[in-house]
Amino acid sequence: MTLTHFTLTSLSFTSLALLAVWFPLRWQAILLFKTIYVFIYILIYFINYQKMKKEIGLINQNLQQEP
């Protein structure tokens, strides 16, 4: 599911960035853009992963305390 989301958002965002002329149409510029995009995507993914892991831990803790 994550791979599908990454692929769809990456293709969409790159297409929109090219249409908005955020960078020149050269492979070096596209590669730099993709590298930055992947770094930011991974960063956001791990931040969300840690948040969800903490929330699930709290839910499990609350479930274990119930009589």
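Both backbone and side-chain heavy atoms feed into the values below; hydrogens, waters and symmetry mates do not.
Separating the CG atom in N48 from the CD atom in E55 is a distance of 10.0 Å, to the nearest 0.5 Å. The structure places CD1 of I59 at 13.0 Å from NZ of K54, a figure rounded to the nearest 0.5 Å.
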Which pairs of donor and acceptor atoms, one on a side chain in residues 13-36, lie under 3.5 Å apart (sequence neighbours left out)?
from	atom 1	to	atom 2	distance (Å)
T14	OG1	S10	O	2.7
T14	OG1	K34	NZ	3.0
S15	OG	L11	O	2.8
K34	NZ	S10	OG	2.6
T35	OG1	L31	O	2.8

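Clustering of Ile, Leu, Val, Met, Phe, Trp and Tyr by side-chain heavy atoms under 4.5 Å joins I47 with L43.
Criterion: ILVMFWY side-chain heavy atoms under 4.5 Å apart, direct or through other members. Under it, I40 and F6 are not part of a common hydrophobic cluster.
A donor atom on one side chain and an acceptor atom on the other are not found under 3.5 Å apart for H5 and Y45.
Residues K53 and I56 are not in side-chain contact: their nearest non-hydrogen atoms beyond the backbone lie 4.5 Å or more apart.
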Intermediate values then yes/no, side-chain contact (heavy atoms from CB on, under 4.5 Å), T2 and Y41: CA-CA 11 Å; T2 301; Y41 191 94; 4.1 Å; yes
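Applying the side-chain hydrogen bond (donor to acceptor under 3.5 Å, both in side chains) rule to Y37 yields the partners T9; only residues at least two apart in sequence or on another chain are considered.
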